[in-house]
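Beneath this line is the structure, given in structure tokens, with notes to follow.
Worth saying up front: this structure is predicted, and the values here are computed from it rather than measured.
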Amino acid sequence: MKFSLLTCNSVILCCFFFLLCLNDLSVHAFFVICVLENAVSIFQQWYTSTMNVLCTWLTDRMDLQLHIYQLKTLIRIVKKTYRDFRLQGVLDSTLNSKTYETVRNRLTVEEATASVSEGGGLQGITMKDSDEEEDED
């Protein structure tokens, strides 16, 4: 079997193309492993620190009832934070931490207290997830 110069050149070009594709894949793999994994870690740390600050603030005011505007604002902050970090790939184990559950429980109790004493002053703002609201309808 004879190999022509054209056949050798095409084999060399195929090998070169294969090596370039392999290099491109390794660059993308490096990006995914290093950058995206670190980004998720950063988001997890950010979420955890945010929930710790909220929990500490609420714990410092344990003996005080929250004002209706504080409650409405905190409910919006906690729900938006939870949803946004969930979209960024933060793990459920991090999202549903003890700190988050403490904050959520406190806001739920405050919400119940406010709805009894204020007579609906929250104007539809609730700690209930939108998924839960759809299931009950």
Working for side chain to side chain contact (heavy atoms under 4.5 Å, CB included), residues L91 and Q44:
CA-CA 8 Å; L91 301 173; Q44 286 176 341; 3.3 Å; yes
Check whether any side-chain N or O of Q70 sits under 3.5 Å from a backbone N or O of H67 as a donor-acceptor pair, and report yes or no.
yes
In sequence, state the C-alpha distance, the side-chain angles, and the governing distance for L54 and M51, and then conclude on side chain to side chain contact (heavy atoms under 4.5 Å, CB included).
CA-CA 5 Å; L54 286 171; M51 285 301 143; 4.3 Å; yes
Is it true that Y100 and V53 fall in one hydrophobic cluster, defined by side-chain heavy atoms closer than 4.5 Å?
no
Please round to the nearest 0.5 Å and tell me the distance separating atom CD of Q88 and atom CD1 of I42.
11.5 Å
Can you classify the ring geometry of Y47 versus Y82 as parallel (below 30°), tilted (30 to 60°) or perpendicular (above 60°)?
perpendicular
So how far is it from R86 CZ to T81 OG1, rounded to the nearest 0.5 Å?
14.0 Å
dist L74:CG -> R76:CZ (nearest 0.5 Å) comes out at 11.5 Å
Are V90 and W46 connected in a single hydrophobic cluster, I mean Ile/Leu/Val/Met/Phe/Trp/Tyr linked by side-chain heavy atoms less than 4.5 Å apart?
yes
Roughly how far, to the nearest 0.5 Å, is CD of E111 from CG of L71?
7.0 Å
After noting the C-alpha distance and the side-chain angles of T94 and T48, does the key distance pass the side chain to side chain contact (heavy atoms under 4.5 Å, CB included) rule?
CA-CA 7 Å; T94 304; T48 302; 3.7 Å; yes
Candidates N105, L107, T113 - the one meeting side-chain contact (heavy atoms from CB on, under 4.5 Å) with V109
T113
Could you tabulate the donor-acceptor pairs under 3.5 Å formed by side-chain atoms of residues 55-66, not counting sequence neighbours?
unit_1 : atom_1 : unit_2 : atom_2 : d
T56    : OG1    : N52    : O      : 2.8
T59    : OG1    : C55    : O      : 2.6
R61    : NH1    : W57    : O      : 3.0

Quick check: closest heavy atoms across S115 and A112, and the distance to 0.1 Å?
OG-O, 2.9 Å
